[in-house]
Protein chains: 2
Amino acid sequence: MGRWKPNAPGRLATAALELYSERGFEQTTVAEIAKRAGLTERTFFRHYADKREVLFAGAPAMRELFVQAVSDAPRSAAPVDLLVAGFDAVSEMFADRREAARQRQSVITANAHLQERELIKLAKLSAALAEALRRRGVAEPTATLTAEAGVVVFKVGFARWIAPGEEREMAQLLRETLGELKALWPRAASERM
Amino acid sequence: MGRWKPNAPGRLATAALELYSERGFEQTTVAEIAKRAGLTERTFFRHYADKREVLFAGAPAMRELFVQAVSDAPRSAAPVDLLVAGFDAVSEMFADRREAARQRQSVITANAHLQERELIKLAKLSAALAEALRRRGVAEPTATLTAEAGVVVFKVGFARWIAPGEEREMAQLLRETLGELKALWPRAASERM
DNA sequence: CTACGTGATGACAGTCGATGACGTCAGGTG
DNA sequence: CACCTGACGTCATCGACTGTCATCACGTAG
């Protein structure tokens, strides 16, 4: 057995989610999180850049998965189809984590500082998506707008997926949401221009 | 003459923008800002909730202007037309502040914490827009998606407006960007479904 | 078997953002 | 004149975050 209990980052993340959930983000000190994980405050900051980051450690992996799916899609795919490829990949990753996602999101929703961090995460996703689209030859401004639209659809669709009582698959909800975004421009309006 | 020099919030905002611009956001302490404005650190926090907020004091006014324009648009307007009404109102407000916007944005772009706050402001704008749309009778999910799409267009169009050398009007750039978002779904693809 | 390097953690001091409690004074009010 | 109020200063404190050095189980070279 090692000198220390294993998986310090994981223990810190678990302790943080519990405490944020029990008594709120602001009312939780880093010292308390560390204590519950059997570590010191200083060690917390060795694993996570700040008190918020502990809830967002999984974001880079999701971003890379999304980007990879977009990059690997068939050559024939139109920009919007690339989003669907990304949606499907991410949906699979989340498939068996709906309850965990609900708990995590309820903590984030309860605190403005955590929402800020969440938005930064989505902005990074958008930037990475736009970059992947450009690498596939999608020109500006289409690349940026497709990426931004994709993030909007993901945001709205994800919110539906974790809504109480919702049981449909994430992939299906994201497709529906994408269709509804498209429908903002009805056929008649489109022909008027 | 009063006991204190007038316009304390304005002096603090000016001093903060200067210092953030000169030596960066993180390298500036609140005490320094207050000192340059001829005030104390404690007084800074009486006018601004935190060190970042001092750059975003104008956001609520812009949000209200946008929402008002949406609310006041003619009954016949479709959801997407309501966005255009909002864009026109906001464009007018920014008309003679392009240089100021450029300086402010360059400060924000240089620091992740300021970007977080910027995103929160846009999220609030989105929520307020969706609410205004619902009050006009726009149903969900159209209201939320229209609002989110509107914010995306504003974000991208605004970035173009402050791009170096750009001289076109904001209203025109926003209309163009909205058209490009619509064009993500080409006629052919739309009929394939 | 011993010495040494390595990596994760503890211990401790310090900076700075943020907040609460309270004192101060110019200007208005009755 | 006595009193109140609003805007600011002063002081004290908490907690997030950082820099630095010490510690020690483990692996490895000799």
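Order of the sequence lines fixes the chain letters, A, B, ..., with proteins taken first and strands second; residue numbering starts at 1 for each chain. Values below: all heavy atoms of this structure, side chains included; hydrogens, waters and symmetry mates excluded.
Between Arg42(A) atom CZ and dG14(C) atom P the separation is 16 Å, expressed in whole Å. Remark: P of dC16(C) and CD of Glu32(B) are 8 Å apart, rounded to the nearest angstrom. Between Tyr20(B) atom OH and dG17(C) atom C1' the separation is 11 Å, expressed in whole Å. Rounded to whole angstrom, the span from the CZ atom of Phe44(A) across to the P atom of dG10(C) amounts to 14 Å.
Side-chain contact check for Thr43(B) and Thr40(B): at least one donor-acceptor pair (N or O, by modelled atom type) lies under 3.5 Å.
Residues in residues 106-147 of chain B take part in no ring pair (Phe, Tyr, Trp, His ring centres under 6.0 Å) pair, two or more places apart or across chains.
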Using nucleotides 2-9 of chain C, report all nitrogen or oxygen pairs with the protein that are shorter than 3.5 Å.
residue : atom : partner  : partner atom : Å
dT9(C)  : OP2  : His47(A) : NE2          : 2.8

Which atoms of nucleotides 14-16 of chain D (N or O only) lie under 3.5 Å from a protein N or O atom, and what are those distances?
residue : atom : partner  : partner atom : Å
dA16(D) : OP1  : Thr28(A) : O            : 3.2
dA16(D) : OP1  : Lys51(A) : NZ           : 3.2
dA16(D) : OP2  : Val30(A) : N            : 3.3

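For the side-chain contact (heavy atoms from CB on, under 4.5 Å) test, residues two or more places apart in sequence or in another chain that qualify with Ala123(A) are Leu119(B). Not counting sequence neighbours, the partners of Phe158(B) by the ring-ring contact (aromatic ring centres under 6.0 Å, His included) test are Phe94(B), Phe154(B), Trp161(B).
A salt bridge links Arg52(A) to Glu116(B): at least one charged side-chain nitrogen sits closer than 4.0 Å to a carboxylate oxygen.
Counting side-chain heavy-atom gaps under 4.5 Å among Ile, Leu, Val, Met, Phe, Trp and Tyr, the cluster of Leu39(A) also holds Leu12(A), Leu17(A), Leu19(A), Tyr20(A), Phe25(A), Val30(A), Ile33(A), Phe44(A), Phe45(A), Tyr48(A), Val54(A), Leu55(A), Phe56(A), Val107(A), Ile108(A), Leu114(A).
The environment of CD in Glu92(B) is sparse: at most 12 heavy-atom neighbours from other residues, nucleotides or ligands sit within 6.0 Å.
Of the candidates Glu18(A), Glu118(A), Glu99(A), Glu118(A) is the only one forming a salt bridge (Lys or Arg N to Asp or Glu O under 4.0 Å) with Arg104(A).
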